[in-house]
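Worksheet: one structure, shown below.
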There are 2 protein chains.
Amino acid sequence: MTTVKDTQGRDTASLVNPSAVGLVAVIVAATDGEPRALTVQVEGQARGRSDGLPAGPLVPEHPTLERGLRAWVERQTHQRLGYVEQLYTFGDRDRQGDEAHGLHTLSVAYLALVREVRPGGLAEASWRNWYRYLPWEDFREGRPPALEEIEAKLLAWAGETADPKLRRRREDRLSLTFGLFDGTWNEERVLERYELLFEAGLIPEAQGQSGAACDGAATGQPMAFDHRRVLATAIGRLRGKIKYRPVVFELMPPTFTLFQLQRTVEALSGTNLHKQNFRRLVAQQGLVEETEGVTSGATGRPARLVRFRREVLLERPAPGFRLRPAKRPA
Amino acid sequence: MTTVKDTQGRDTASLVNPSAVGLVAVIVAATDGEPRALTVQVEGQARGRSDGLPAGPLVPEHPTLERGLRAWVERQTHQRLGYVEQLYTFGDRDRQGDEAHGLHTLSVAYLALVREVRPGGLAEASWRNWYRYLPWEDFREGRPPALEEIEAKLLAWAGETADPKLRRRREDRLSLTFGLFDGTWNEERVLERYELLFEAGLIPEAQGQSGAACDGAATGQPMAFDHRRVLATAIGRLRGKIKYRPVVFELMPPTFTLFQLQRTVEALSGTNLHKQNFRRLVAQQGLVEETEGVTSGATGRPARLVRFRREVLLERPAPGFRLRPAKRPA
DNA sequence: GGCACAATGCTCATTTTGAGCATAAGTGAG
DNA sequence: CTCACTTATGCTCAAAATGAGCATTGTGCC
């Protein structure tokens, strides 16, 4: 048996202190131009049932974490997972929402992208528009109305401290994440925004917070445990990733129009894009190839159906999309 | 107490199956234009002692994983950690190198960037040029000689299978990761290259492999357990990150010249950059501001000393470097 | 045929890159 | 003291990538 000593000479081989480890999955699909996550019903947690992400224990039988995750998700939801990527491992003692046993609790979170939305193997599993939980993240229809109330409360939170340094720090964070003073918005900072709201006590999941939270319309629907945090992590990661890796195609049907593709990218990023430039980009990058088919039935000129060129995965820079927000006419 | 049922109705609240969890740290510094990682001596493992990354158990006392990591690294190595980021959680059953106990073993790996290279609190800890372990990743002096031998062996590996589909897949991977047929090299695919070498049996750490591995000069010095894999993950992540976040500055002294900065970026990315364009980029992005000082003593015209503009962290796109490889004159 | 509505094609002014040339300012040798 | 050499800095120029729009082309519907 191998022996390891850390640099102090203590034996660390066995890594004592066994911990409880769980897996959580953010399973994403995009249908009808809306970004959706697969959710399940979770009991307990103060107000009866609430939505949660599919989660399960780490099963020792599986050779790798990812394989374990694939196995039980596919069994549980009858949803075959295509693209899977590890997101983050959460281990905060006070954020897990489950402190019953003495073990340290970890959750290893994964992001999965799936193509089709089956009705759901289980009655309790359902697809939900992810902006239901994070309404301030959707800028497709212009600035989300939820932001008015949120900004007011955040400003109040920043102002409620006497310490000028702390106050300054809070204001800097408001500026950086919500673009509060300079009107800037970086769509990738989803987690930072959520965490800020959490700290400011605007997230009901934060136990022991002052009851002065938003009424829920503005700060979205809660989820069980810290699952909204996991969801926020997933969205942020995905928004970043589509810019430099062609992962959106994992969400598209075998054949689609450029505009459907654009709608999907917009759904994920929560912004609108300039149509002509978007298609120029896609064409130029050689991400798709034309098929015979065209759309029909809908109003307007029929669109050509295209399909993803799998070969690009083998080509040089393996590009994604660099998002370029369009000015909204409204 | 809360109760959670998964979608099958089984109770998953307690996430049974306790696991052993360890923390591993890739602590990076850059001195004299060389990228270095902090290593410790590890006993056991076939051939006596070998280099390993600082690792320790997850201590339940700490509120978060990151805090726990910071605490024991600082205590163990007397090295204060600045920037810390979670890298990845490894949980392969057969890659951990430690299967003594029945528990599933996880390692949560972190990447840390530090500014100064203290002589090392412990005699057993030492800074090592990271290319010692991954020599094929350094293109600063032109194509690494190690690649000749590696490519030959990889081609042989691809060719040794009869199944044409598998063979095709292997060749595609060689092309994608090592640019074998199209001469392309993506410096971020460090992990993919390492894993390919591992699968091809060219990495001594792979137990039960055919002894036909490279002699070590080409495939670098081994590390304990799967620590080279962790290191490869860290390098790949860091190479990607410096392109869009100003993290290099975590490695720089308070004041430095633009050329030192360039050397550091080059050290990390393993490529050479076009000098004039590099400084134009840095200037234009407003990443640094001038100081009074200039260098002296060395040969050549003295260079102005600059310092990182911390404010950029609060500014809009929070840019990093977009690396642009320069043509090597040689 | 005439409309309304998307899908497509193309233009044009800016910026952003990639590559170099030219000059400036020290050090060390003879 | 001057020349040779070395590294730091300034600047130029052509090519490619972006950001915004205008113009045309097919279709389904009165």
Side-chain angles (χ1 to χ4, degrees), chain A residues 32-33 184 187 243-244 255-266 269 271-307 316-317 319-330, chain B residues 32-33 140 187 243-244 255-266 269 271-307 316-317 319-330:
Chain A
D32 308 326
T184 272
E187 78 279 348
K243 291 181 188 166
Y244 62 95
T255 198
F256 50 88
T257 71
L258 289 179
F259 194 53
Q260 284 167 356
L261 181 64
Q262 182 180 343
R263 283 289 182 229
T264 304
V265 174
E266 291 176 335
S269 71
T271 62
N272 287 313
L273 305 177
H274 181 116
K275 187 163 171 170
Q276 293 94 329
N277 291 345
F278 178 83
R279 41 173 53 236
R280 174 173 65 185
L281 183 72
V282 176
Q284 175 193 67
Q285 303 269 226
L287 292 172
V288 302
E289 61 194 0
E290 298 196 338
T291 70
E292 300 303 295
V294 290
T295 54
S296 65
T299 168
R301 175 175 169 173
R304 168 137 257 125
L305 290 169
V306 300
R307 88 175 69 100
R316 276 117 327 163
F321 295 104
R322 266 148 287 156
L323 307 182
R324 53 205 94 280
K327 245 179 222 151
R328 295 200 72 260
Chain B
D32 307 327
R140 287 174 299 168
E187 77 280 347
K243 291 181 189 166
Y244 62 94
T255 198
F256 50 87
T257 71
L258 289 179
F259 195 51
Q260 283 167 356
L261 181 64
Q262 183 181 342
R263 282 290 181 229
T264 304
V265 174
E266 291 176 333
S269 70
T271 62
N272 287 312
L273 305 177
H274 181 114
K275 187 162 168 172
Q276 294 93 330
N277 290 345
F278 177 83
R279 40 173 55 234
R280 173 174 65 186
L281 183 71
V282 175
Q284 175 194 68
Q285 303 269 226
L287 293 171
V288 302
E289 61 194 0
E290 299 195 339
T291 70
E292 300 304 296
V294 290
T295 54
S296 65
T299 167
R301 174 174 171 175
R304 168 136 257 125
L305 290 169
V306 300
R307 94 181 110 237
R316 274 119 326 167
F321 294 103
R322 266 148 287 158
L323 307 183
R324 53 206 92 276
K327 244 180 223 152
R328 296 199 71 259

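Remember, it's a predicted structure, so these values are computed and weren't measured experimentally. Just so we're on the same page: letters track the sequence lines, and every chain starts at 1.
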Spacing of [X] atom [atom1] relative to [N] atom [atom2], expressed in whole Å:
X: A:Gln262; N: C:dT8; atom1: CD; atom2: C1'; result: 13 Å
X: B:His274; N: C:dT16; atom1: NE2; atom2: P; result: 18 Å
X: A:Gln260; N: C:dA6; atom1: CD; atom2: C1'; result: 13 Å
X: B:Phe259; N: D:dT6; atom1: CZ; atom2: C1'; result: 11 Å
X: A:Asn277; N: C:dT15; atom1: CG; atom2: P; result: 16 Å
X: B:Phe278; N: D:dA8; atom1: CZ; atom2: P; result: 12 Å
X: A:Gln284; N: D:dG19; atom1: CD; atom2: P; result: 11 Å
X: B:Arg304; N: C:dA24; atom1: CZ; atom2: C1'; result: 14 Å

Check: With a 3.5 Å cut-off and just heavy-atom distances, do the side chain of A:Arg301 and the base of D:dT25 make a donor-acceptor pair?
Finding: yes
Checklist line | Base C:dG9 to side chain A:Arg280, donor-acceptor N/O within 3.5 Å cut-off | finding: no
Checklist line | First encountered from the 5' end of DNA chain D, between B:Thr257 and A:Gln276 | finding: B:Thr257
Note to self: If you assign each of B:Pro302 and A:Ser296 to its closest nucleotide in DNA chain D, which residue comes earlier from the 5' end?
What the structure shows: B:Pro302
Margin query: So, OP1 or OP2 of C:dT8: does either fall under 4.0 Å of a side-chain N or O from A:Arg279?
Written below: yes
Check: Does the side chain of B:Lys275 get closer than 4.0 angstrom to OP1 or OP2 of D:dT7 through an N or O atom?
Finding: no
How close do [X] and [Y] get, counting heavy atoms only, and between which atoms?
X: B:Glu266; Y: B:Leu273; answer: OE2-N, 2.8 Å
X: B:Glu290; Y: B:Arg307; answer: O-NH2, 4.2 Å
X: A:Glu292; Y: A:Arg304; answer: O-NH2, 3.2 Å
X: B:Pro302; Y: B:Thr295; answer: CB-O, 3.2 Å

Check: Is the closest side-chain heavy-atom distance between A:Leu305 and A:Thr257 below 4.5 Å?
Finding: yes
Item checked: Upstream residue (5' side of DNA chain C) when A:Gly300 and A:Leu258 are each assigned their closest nucleotide -> A:Gly300
